[in-house]
Protein chains: 2
Amino acid sequence: MSNDFRNLRKVKLFTELPTTALQLMYDSARPVQMEAGCFFFHQNERAEMMYVLLDGQVKMTLLGPEGRQVLIRIVAPCEDFGAVSAIVGSDYPLTAEAVTRCRTLAWEQKDIMRIIDSYPMLRETAFQIAVKRFRQLQKRFRELATESAEQRIARALLRLSNQAGLPKTEGMLIDLALSRGDLAEMTGTSLYTVSRTLSQWERDGLLKNGRGKVLIRDCAQLITLATPPENPPFN
Amino acid sequence: MSNDFRNLRKVKLFTELPTTALQLMYDSARPVQMEAGCFFFHQNERAEMMYVLLDGQVKMTLLGPEGRQVLIRIVAPCEDFGAVSAIVGSDYPLTAEAVTRCRTLAWEQKDIMRIIDSYPMLRETAFQIAVKRFRQLQKRFRELATESAEQRIARALLRLSNQAGLPKTEGMLIDLALSRGDLAEMTGTSLYTVSRTLSQWERDGLLKNGRGKVLIRDCAQLITLATPPENPPFN
DNA sequence: CGGTGGATTGAGCTCAATCAAGCAGCGTGG
DNA sequence: CCACGCTGCTTGATTGAGCTCAATCCACCG
């Protein structure tokens with residue numbers, strides 16, 4: 001339906017594209033659905049497809065040799081995933097798993113390459129997106145190395161709220177289907193620590209917990225928790 | 001001197017460039033020297049220059065708001081730094097500090113842009129390099145989140161040995177001017193933990209410590225330490 | 001030689017992982 | 001409709017890895 005087409009405009013990868021090119025993309029796309037718990041691709045597989053998420057939630061994880069994994073990224077609707085790998089022509093570095101039922105548009109690598117030949121700016125935009133994500137990861141790396149579990153959890157909530165928060169009368173609702181375990185994998189802590197911390201914050205009245213969701217009441221307070229004592233916020 | 005020119009060939013960013021383009025790069029380069037402890041640039045500054053390290057060592061760090069920093073990358077001779085930022089036209093995300101006295105070649109951003117217009121593959125190579133570093137960081141992120149300090153230190157040594165190790169009769173010598181503190185900032189531990197761990201390993205005979213250097217005697221053993229204990233769940 | 005800054009080592013302590021129950025929301029089937 | 005079970009969440013108790021502080025020690029410099 002043309003609603004999907006309109007959503008393509010919101011995809012950062014495509015914002016610079018002229019309408020004709022966008023139409024071309026749309027025409028060569030293939031709709032792909034995925035049930036919750038299924039995988040779009042696994043890490044180290046050849047990157048043959050790129051995806052744009054229309055509806056649902058996807059989590060991208062990196063699995064270690066001994067089984068423990070980390071959650072590198074959550075994909076929200078109107079975001080691309082697997083695109084950088086497909087464009088640069090390498091393997092997927094991460095595993096992409098549907099957290100809920102998902103609707104996506106998918107492109108074969110060769111089709112993308114053909115379109116890129118006509119619209120090289122697509123590759124350039126992909127470059128910029130990759131660099132941006134790279135930098136976010138650098139920041140998270142520093143946080144993981146130097147900050148306390150509590151600070152990291154606070155930051156994770158703020159990021160999620162920023163990325164996919166729904167404004168409600170009582171505050172910001174994060175309604176991704178995120179378990180405590182997922183939150184732990186994002187922040188490099190344990191599920192128990194996440195649970196304890198969130199419970200404490202609920203007792204302090206600065207948020208409300210639900211199963212797989214969090215309602216942030218006092219965002220400002222959360223920011224002060226995320227930033228180490230002293231020093232003004234931001235970054 | 002033309003020795004420098006020959007070294008440009010070894011720079012991954014330039015390997016795909018035809019000789020004429022390389023000559024063009026060389027001609028528009030400006031030699032820049034830096035004393036130990038001085039800074040090429042600081043994070044969040046506008047990226048106006050890109051560099052290639054000819055001689056010496058550079059460390060790239062990310063500083064947090066409260067002062068603690070992490071060491072993201074060590075630059076060895078014939079590697080570029082600041083290039084991705086300059087090409088993509090953003091700020092430097094990291095601070096680049098000369099660990100030893102350094103000789104570099106430097107380019108102004110506008111000159112690079114001009115050359116890229118003639119040789120677009122330069123941008124493409126930069127893209128691939130950025131993606132590759134991105135992935136390395138993802139791996140380190142997972143390690144930091146899930147593995148023990150000992151494992152991370154072992155891995156850091158292996159990476160350094162791989163990047164800048166000098167083969168000796170007695171083993172691999174890592175002779176970067178790396179303090180224990182630097183190693184700690186690479187691995188997200190404290191200088192004390194690094195010292196203790198290396199001392200223990202020296203007692204075990206699998207390496208030899210020196211001031212700002214390490215001689216790896218038993219590389220295989222180090223690899224088994226870096227990989228988590230084999231747990232065969234067969235009973 | 002003495003000084004300076006890195007490196008080592010010990011002691012104590014803290015944060016957060018782990019283990020172990022128990023609880024609560026939700027879907028399912030009887 | 002309720003009982004049940006599944007799964008995710010909470011919470012207490014315990015433990016230990018690794019941080020911190022502090023006191024040397026030692027290599028290399030002038």
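Bear in mind that the values here come from a model prediction, so they are computed numbers and not experimental data. Values below: every heavy atom of this structure, side chains too, minus hydrogens, waters and symmetry copies. Residue numbers begin at 1 in each chain, while the letters A, B, ... track the order of the sequences.
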> Is it the case that more than 12 heavy atoms not belonging to B/Arg9 sit under 6.0 Å from its CZ atom?
Replying inline: yes
> Taking C-beta and beyond as the side chain, do A/Glu147 and A/Arg155 meet within less than 4.5 Å on heavy atoms?
Replying inline: yes
> If you check every side-chain atom of A/Tyr192, which of D/dG18, C/dT8, C/dC19 has the closest atom?
Replying inline: C/dC19
>> Nearest to the B/Thr189 side chain among D/dC19, C/dA17, D/dC28, which nucleotide is it?
In response: D/dC19
> Quick one: are B/Cys38 and B/Arg101 in side-chain contact, heavy atoms under 4.5 Å?
Replying inline: no
>> I need the CH2-C1' distance between A/Trp201 and D/dT11, as an integer number of Å.
In response: 18 Å
>> Does the plane of the ring in A/Tyr92 sit parallel, tilted or perpendicular to the ring in A/Phe41? Use 30° and 60° as the thresholds.
In response: parallel
> B/Leu178 has an atom CG; how far is it from atom P of C/dG5, in whole Å?
Replying inline: 20 Å
> Any idea how B/Phe40 and B/Phe81 line up, ring-wise: parallel (<30°), tilted (30 to 60°), or perpendicular (>60°)?
Replying inline: perpendicular
>> Need to verify one output field. Residue with the more 5' nearest nucleotide on DNA chain C, A/Thr193 or A/Arg211?
In response: A/Thr193
> Hey, which of these two, B/Gly188 or A/Asn209, hits DNA chain D nearer its 5' end, going by closest nucleotide?
Replying inline: A/Asn209
> Whole-Å distance between C/dA17 C1' and A/Ile153 CD1?
Replying inline: 13 Å
> Between B/Glu147 (CD) and C/dA17 (P), how many Å, whole number?
Replying inline: 15 Å
> Expressed in angstrom and rounded to an integer, what is the separation of A/Leu144 atom CG from D/dG18 atom P?
Replying inline: 14 Å
> Looking at C/dA16, C/dA24, D/dA27, which one has an atom nearest to any side-chain atom of A/Ser148?
Replying inline: C/dA16
>> Starting the side chain at C-beta, find the nucleotide from D/dT11, D/dT20, C/dA17 nearest to A/Arg203.
In response: D/dT11
> If you look at every strand shown and take non-hydrogen atoms under 4.0 Å, does B/Ser195 touch a base, only sugar-phosphate, or nothing?
Replying inline: base
>> Judged by each residue's nearest nucleotide on DNA chain D, which is more toward the 5′ side, A/Arg196 or A/Gly212?
In response: A/Gly212
> Please give, in whole Å, the distance from C/dT8 P to B/Lys208 NZ?
Replying inline: 10 Å
>> As a test of reading the structure: which of C/dA7, D/dT10, C/dT8 is closest to the side chain of A/Ser199, going by heavy atoms?
In response: D/dT10
> Rounded to the nearest Å, what distance is computed from the CD atom of residue B/Glu202 to the P atom of nucleotide C/dT8?
Replying inline: 8 Å
>> What is the separation between atom CG on B/Leu191 and atom P on D/dA22, rounded to the nearest whole Å?
In response: 15 Å
